[in-house]
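Naming convention: chains lettered A, B, ... in sequence-line order (proteins, then strands); numbering from 1 in each chain.
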There are 2 protein chains.
Amino acid sequence: MDQPVLPLGAPRGERADAVRNRLHLLATAREMLAEQGADRLTMDGLAERAGLGKGTVFRRFGSRAGIFQALLDDDERAFQERVLSGPPPLGPGAAPLERLIAYGRARVGFLVAHREIARAALDGTQPVPAGPETPLSRMHIRMLLGQMGLGAADLDVLTVQLTAALDGPLLLYLSASDLTQAADQADERLAHGWQDLVQRVCRP
Amino acid sequence: MDQPVLPLGAPRGERADAVRNRLHLLATAREMLAEQGADRLTMDGLAERAGLGKGTVFRRFGSRAGIFQALLDDDERAFQERVLSGPPPLGPGAAPLERLIAYGRARVGFLVAHREIARAALDGTQPVPAGPETPLSRMHIRMLLGQMGLGAADLDVLTVQLTAALDGPLLLYLSASDLTQAADQADERLAHGWQDLVQRVCRP
DNA sequence: AATACAACCGGGGTAAAGTCCGCTTATGCT
DNA sequence: AGCATAAGCGGACTTTACCCCGGTTGTATT
């Protein structure tokens with residue numbers, strides 16, 4: 001006899017209590033984040049406030065950075081939705097170049113809005129793929145670049161470099177004060193700079 | 001009466017013993033790095049092996065990342081020399097675009113060769129200007145971009161984005177295995193990709 | 001419903017980064 | 001040379017990320 005089909009939706013997945021705890025930890029982390037900022041969020045503090053053991057926190061998220069990656073991942077789901085199936089020019093339907101420009105603008109906005117979490121999600125001991133989020137960014141850029149037939153470029157390398165041009169300023173170079181003092185202005189300049197960059201890169 | 005002019009050359013600089021200790025710590029750090037790799041280099045271990053107190057290590061370098069920044073800075077001095085006053089096309093004398101291409105190639109090579117230190121020099125809690133090295137990279141790129149009169153681009157933003165495109169792959173995205181398995185190949189692809197990128201960006 | 005098993009939980013334990021402050025020593029002036 | 005001062009030094013102390021493993025609880029099977 002075959003297995004019932006329903007429970008395979010989460011194939012041998014988390015146990016119910018584990019899910020409950022994970023969600024509770026994420027919610028608690030968000031509270032603490034809002035109240036005290038990312039750098040005051042300690043694993044002990046989170047565990048205590050959530051009423052759980054420290055071991056639980058680590059098994060769920062692996063590391064401190066893992067918590068922020070999970071939070072970021074969560075926030076990014078809606079964003080991904082808009083990219084994969086929302087209205088153009090961000091979603092499918094527009095010309096590749098337009099989509100690429102729109103994607104950059106949207107991602108810059110997202111990163112500026114989530115810069116604290118995004119920074120905290122960096123591991124340092126680990127290359128970025130730590131979260132399942134950047135792969136998507138790269139895959140998407142790569143796909144769009146592929147759709148417009150650029151000359152004999154090394155598409156993989158160009159993709160990484162453009163991804164870095166998009167994320168790097170926020171993750172690596174711009175100081176907190178550069179952003180907080182005029183977040184939306186920086187946002188606009190970066191978005192516009194991205195547009196200029198990819199237009200230059202992609203013109204025939 | 002005026003002060004004697006000589007001692008102002010190093011205005012109230014480091015004390016002699018401090019200099020001695022700093023150099024000794026850097027040398028010891030390099031030994032440990034060569035023997036055990038960056039992640040096994042602990043502050044306690046370094047202090048003990050150097051025969052100094054931990055407090056000394058921290059006052060000299062501020063943080064663990066600070067040590068690697070100092071090492072990187074040291075290694076980069078020769079590189080900077082070549083850029084600022086070496087022979088073209090890396091040094092002055094060649095056309096800006098050629099210099100930019102040469103600079104990217106050289107920096108990629110440098111970063112690939114020093115990737116372990118460079119990664120370890122990242123702080124995570126701090127934007128990159130932590131070391132005086134990236135500012136120079138940025139300034140140089142910015143200067144070269146300025147020399148070729150690009151259209152009405154936002155030069156500052158373009159500079160950060162290109163700097164990120166250059167450093168990001170090494171600092172952020174490429175995993176250790178991506179590089180160690182074929183370091184020179186990755187090196188060449190990145191350098192060539194950089195050339196392609198800036199040629200696209202800078203053509204009229 | 002009872003059972004077996006795997007996953008999960010808790011919280012004490014370890015290691016390493018970073019801080020502090022009283023003591024020591026180099027430096028510049030007289 | 002002797003002194004005043006500021007810089008430097010050391011190492012104990014605190015904090016925090018991360019590990020471990022015995023006991024517990026959810027889940028699938030009969």
>> So, using salt bridge (Lys or Arg N to Asp or Glu O under 4.0 Å) as the criterion, who are the partners of B:Arg64 when residues are at least two apart?
In response: none
> Going by the salt bridge (Lys or Arg N to Asp or Glu O under 4.0 Å) test, which pairs reach into residues 47-56 of chain A, not counting sequence neighbours?
Replying inline: A:Glu31-A:Arg49, A:Glu35-A:Arg49, A:Asp44-A:Lys54
> Among pairs that include at least one residue of residues 189-198 of chain B, which meet side chain to side chain donor-acceptor pair (under 3.5 Å), considering only residues two or more places apart or in two chains?
Replying inline: A:Asp154-B:Arg189, B:Asp196-B:Arg200
> For the pair made of CD in B:Glu14 and C1' in D:dC9, what is the distance, rounded to whole Å?
Replying inline: 14 Å
> Among all residues two or more places apart in sequence or in another chain, which pass the side chain to side chain contact (heavy atoms under 4.5 Å, CB included) test with A:Arg82?
Replying inline: A:Phe79, A:Leu90
> What's the CZ-P distance between B:Arg15 and C:dA26, to the nearest Å?
Replying inline: 7 Å
>> If the helix axis at each end comes from five base pairs, how far does the helix from C:dA1-D:dT30 to C:dT30-D:dA1 deviate from straight, to 10°?
In response: 20°
>> Does anything in residues 16-36 of chain B come within less than 4.0 Å of DNA chain C? Heavy atoms only, and list the residues if so.
In response: B:Ala16, B:Asp17
> Can you check salt bridge (charged side-chain N to carboxylate O under 4.0 Å, His left out) on A:Arg107 and A:Glu76, steps first, answer last?
Replying inline: CA-CA 10 Å; A:Arg107 176 140 182 99; A:Glu76 209 168 23; 2.8 Å; yes
>> Within the 4.0 Å limit for protein heavy atoms, which parts of nucleotides 14-23 of chain D are touched? Write it as a string from 5' to 3', B for base, S for sugar-phosphate only, - for none.
In response: ---SB-----
>> If I take atom CD in residue A:Glu48 and atom C1' in nucleotide C:dG10, what distance separates them, rounded to the nearest angstrom?
In response: 14 Å
> For B:His140, which residues count as a side-chain hydrogen bond (donor to acceptor under 3.5 Å, both in side chains) partner, sequence neighbours excluded?
Replying inline: none
> Mind checking what makes side-chain hydrogen bond (donor to acceptor under 3.5 Å, both in side chains) contact with A:Arg30, not counting sequence neighbours?
Replying inline: A:Asp74, A:Asp75
> How would you list, by chain and number, every residue that makes a side chain to side chain contact (heavy atoms under 4.5 Å, CB included) with B:Gln36, sequence neighbours excluded?
Replying inline: B:Met32, B:Arg40
> How would you list, by chain and number, every residue that makes a side chain to side chain contact (heavy atoms under 4.5 Å, CB included) with B:Ala191, sequence neighbours excluded?
Replying inline: B:Arg105
> By side chain to side chain contact (heavy atoms under 4.5 Å, CB included), which residues pair with B:Leu155, not counting sequence neighbours?
Replying inline: B:Arg142, B:Leu145
